[in-house]
Amino acid sequence: MGDGLFDIPRYEPERIEKLPEKKSRNSFLEKAKERAAKRRLQEPLPEKEPEKRKTKAEPVNDIKTEVENLSINRDEEDIKTEIIEENHEPEEPEDFKIFDNIQAQKKKRLAASFPRWCENPEVIDGDFTNLPPLEELHEFLDETIYKNLEAMNFTTVFPVQRAIIPELLKRGPPRDLAVQAPTGSGKTITFLVPIVQKLMQRAIPAIRALIVLPTRELAKQVYDVMLELIKDTKLTGMIIGGATSLEQECNKLIQTIGGKKYATCDIIIATPGRLMDHLDSGMDLTRLRYLVVDEADRMRGAWLEKLEQKTNRALVQKLLFSATLASDPQFLSSLKLRFPKLYTSGWTQPAGLTEEMIRYGRLDEKPRIIRSLIKEDTRALIFVNSNESAVALDKLLKKSGMRSESIAGALENWQRTNAIKKFKKGKISAIICTDVVARGLDLDCCNTVINYDVALSAATHVHRSGRTARAGSAGVCITLCQLKHKPYFFMMKELGRTFIQRSSKLELKEEPMEE
Ligand SMILES: Nc1ncnc2c1ncn2[C@@H]1O[C@H](COP(=O)(O)OP(=O)(O)OP(=O)(O)O)[C@@H](O)[C@H]1O
């Protein structure tokens, strides 16, 4: 049961995993390993060592072998989700599965507690029916920004925008905000609009807003929205995300006026890794007024501490956003927020999202189920738990005539961008990906999310499923599962997610999946 704080249950595997190492040594996993080791010592040695399992998927022609390899990569190998842009701590530990032992995890979760400022959150309405017209914001907004919003075809105000934009535009001493609102609920506009409005009357050229996001793709996405919003204002913005060299970025960022160095832009959108490089090479942030951390529960790291040394704390207002902010109370406690206020809509499901599950028996049924789910008008993101699985599944689906691309592994940036472009244009029906794209990516054409592999944490499921049913539209998230995943669905139920069970006897295409 939830503790009433966010109206969510406290059980959260990511949080448990982030406990200090000392405690995790005593974990049930360690104990289980010890017990297994003791058992092995007591057991008589087999005459011949059993053949070791394969560790890597090798090129194969036979579909059955490919499916087996997929399962080896996914279920038995260490699960590694490569972070494309940034070297963050991995979101999930490599040897942890959420469905290992719920009771033990429940005991541990008590160790993590929320900071006091989380105790009385402001609740954001999650209702997307009867949205107020954009006109409602007119009294708060500068005419230029209002026109820019109209030019972006926004006619209504989303609940999180209605709650936060006026709050941020209010006069008076600024307070730090932490905002948890569902995926696709319009958080980007929520922080950009007040920042643009407050910075519009520029006095001197200086970096006054910094928006930090986990990947370059997300940085670019926010940058594009920002460009629309700053039209016809004096403001300028720039991405620092490592697309060009550090030197080139520095040169672009600094101008010399009367022998003195000034910044060329007001708003910086950055990824943490490249931001660290700039902090090391002397980026001037003494006039910073806004620090936005998007996907905040995913943004731990040394960068934040370093940043604080470079800014004037009395000036900076911190704004944290995520659909799963409450997944990491220790992180929230460590943030040193000033007069913080929490806004939350709980872990609510996006209004138009339907959650379904399909039970499979044998592993080789999984690709066939996927084939039967992808129809002419389907635009699906298919999530797997490792790069190897993504590449292998893509190969398999292509062989069966499906138009798909994988955007996992060692792809160049332009290759990933190309695949996404094709997806948007409808040239491919599916993208197979890892959790690198589980967060933030805004593809309004995506009407289906498929969890080919069950997600490794509740927060990850929330972000994966949130790639569809965005901005109040309809979408479906289908999770392929077996009986052993039952605890996973109990946990999702605690988060208020209910799943419709679809028959596994779908019209499975019986034609062979090979050419
Ligand atoms: N007032 C609005 N009216 C119509 N569409 C809107 C409005 N505000 C935002 N949107 C659209 O909603 C979509 C989702 O917005 P956004 O990407 O900001 O969601 P988010 O809450 O940040 O999601 P996530 O948690 O997944 O990052 C975008 O395509 C955006 O253009």
Side-chain angles (χ1 to χ4, degrees), residues 124-138 140-141 145-146 148-166 178-196 211-215 217-229 269 292-299 319-327 343-353 381 383 420 424 435-447 449 459-475 477:
I124 303 172
D125 180 11
D127 188 9
F128 266 70
T129 53
N130 301 321
L131 292 172
L134 187 67
E135 181 66 28
E136 199 175 276
L137 285 183
H138 211 159
F140 302 101
L141 296 184
I145 297 176
Y146 188 76
N148 288 344
L149 285 171
E150 280 183 324
M152 292 162 85
N153 293 325
F154 293 165
T155 54
T156 54
V157 188
F158 288 175
V160 64
Q161 297 161 354
R162 194 183 195 197
I164 307 295
I165 293 176
V179 181
Q180 174 166 294
T183 49
S185 63
K187 296 189 281 297
T188 312
I189 289 290
T190 307
F191 59 74
L192 280 178
V193 164
I195 289 177
V196 171
I211 300 165
V212 192
L213 299 110
T215 64
E217 274 93 351
L218 292 189
K220 172 78 171 69
Q221 195 173 285
V222 171
Y223 178 73
D224 290 342
V225 180
M226 185 205 63
L227 287 185
E228 303 277 319
L229 272 179
I269 299 173
V292 179
V293 188
D294 202 2
E295 308 299 347
D297 54 319
R298 166 84 176 65
M299 298 288 277
L319 308 171
L320 315 173
F321 287 81
S322 176
T324 52
L325 204 60
S327 73
Y343 284 81
T344 179
S345 48
W347 282 46
T348 40
Q349 194 163 325
L353 178 67
L381 283 186
F383 284 96
I420 290 173
K424 282 182 177 167
D435 291 322
V436 171
V437 290
R439 281 181 185 253
L441 206 61
D442 186 42
L443 300 170
D444 57 3
C445 60
C446 172
N447 52 21
V449 167
T460 302
H461 182 98
V462 168
H463 288 284
R464 283 182 178 187
S465 59
R467 292 320 98 210
T468 188
R470 297 177 70 73
S473 66
C477 171

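One-based numbering along the sequence shown. Keep in mind that the numbers below use all heavy atoms, side chains included, and drop hydrogens, waters and symmetry copies. Both ligands and their constituent atoms are indexed starting at 1 by order of listing.
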*Which pair of heavy atoms, one from Phe128 and one from Gly472, lies closest together, and at what distance?*
CD2-CA, 3.7 Å
*Mind running side-chain contact (heavy atoms from CB on, under 4.5 Å) on Val437 and Glu217 for me, showing each step along the way?*
CA-CA 9 Å; Val437 290; Glu217 274 93 351; 5.9 Å; no
*At what distance is the nearest protein heavy atom to atom 16 (P) of ligand 1, and which residue and atom is it?*
Thr188 OG1, 3.6 Å
*Mind listing the closest non-hydrogen atom pair of Thr183 and Gly466 along with its distance?*
OG1-CA, 3.1 Å
*Give the numbers and elements of all ligand 1 atoms closer than 4.0 Å to a heavy atom of Pro182.*
21 (O)
*Report the part of Met152 in contact with ligand 1, treating N, CA, C, O as backbone and CB onward as side chain, heavy atoms under 4.0 Å; options are side chain, backbone, both, neither.*
neither
*With heavy atoms only and a cut-off of under 4.0 Å, state how Lys187 meets ligand 1: side chain, backbone, both or neither.*
both
*Could you check Leu131 against Val157 for side-chain contact (heavy atoms from CB on, under 4.5 Å), going step by step and ending with a plain yes or no?*
CA-CA 6 Å; Leu131 292 172; Val157 188; over 6 Å; no
*Considering all heavy atoms of both residues, which atom of Gln180 and which atom of Thr324 are nearest to each other, and what is their separation?*
OE1-C, 3.3 Å
_Does Thr460 form a side chain to side chain donor-acceptor pair (under 3.5 Å) with Asp435? I'd like the steps, not just the answer._
CA-CA 7 Å; Thr460 302; Asp435 291 322; 4.9 Å; no
*Please write down residue, atom name and distance for the protein heavy atom closest to atom 12 (O) of ligand 1.*
Ala471 CB, 3.3 Å
_Proximal atoms of ligand 1 relative to Glu295 (non-hydrogen, under 4.0 Å)_ = 27 (O)
*Specify the closest pair of heavy atoms between Tyr223 and Ile269, including all atoms of both residues, with the distance to one decimal.*
CA-CD1, 3.5 Å
*Please work out whether any backbone atom (N, CA, C, O) or any side-chain heavy atom from C-beta onward of Ser322 is under 4.0 Å from ligand 1, and answer side chain, backbone, both or neither.*
neither
*asked:* Let me confirm one number: the CZ-CD1 distance from Phe140 to Ile165, rounded to the nearest 0.5 Å.
replied: 9.5 Å
*Contact between Thr156 and ligand 1, counting heavy atoms under 4.0 Å?*
yes
*Among all protein heavy atoms, pick the one closest to atom 8 (N) of ligand 1 and tell me residue, atom and distance.*
Gln161 NE2, 2.8 Å
*Please report which non-hydrogen protein atom sits nearest to atom 7 (C) of ligand 1, along with the residue it belongs to and the distance in Å to one decimal place.*
Phe158 CE1, 3.3 Å
*Stepwise side-chain contact (heavy atoms from CB on, under 4.5 Å) test for Ser322 and Lys187*: CA-CA 8 Å; Ser322 176; Lys187 296 189 281 297; 5.7 Å; no
*Who's closest to atom 24 (P) of ligand 1 heavy-atom-wise, of Pro159, Gly184, Pro350?*
Gly184
_ligand 1 atoms in contact with Arg467 (distance to a heavy atom under 4.0 Å)_ = 26 (O)
*Is ligand 1 less than 4.0 angstrom away from at least one heavy atom of Ala181?*
no
*asked:* I need the contact type for Asp442 against ligand 1. Using non-hydrogen atoms and a strict under-4.0 Å cut-off, is it side chain, backbone, both or neither?
replied: side chain
*Give a yes or no on whether the backbone of Arg439 and the side-chain of Glu295 come within a donor-acceptor separation of less than 3.5 Å.*
no
_Checking a contact table here: which protein heavy atom is nearest atom 31 (O) of ligand 1, and how many Å away?_
Phe154 CZ, 3.7 Å
*asked:* Any nitrogen or oxygen of Thr183 lying under 3.5 Å from a nitrogen or oxygen in ligand 1? Just yes or no.
replied: no
*Could a heavy atom of Arg439 be found less than 4.0 Å from some atom of ligand 1?*
no
*Kindly say whether Cys446 contributes a backbone atom to a donor-acceptor pair with the side chain of Thr468 at under 3.5 angstrom?*
yes
*Which protein non-hydrogen atom lies closest to atom 26 (O) of ligand 1, naming both residue and atom, and how far is it?*
Arg470 NH1, 2.8 Å
*Hey, is Arg470 close enough to Asp442 for a salt bridge, meaning N to O under 4.0 Å?*
yes
*Could you tell me whether Val157 and ligand 1 have an N or O pair separated by under 3.5 Å?*
no
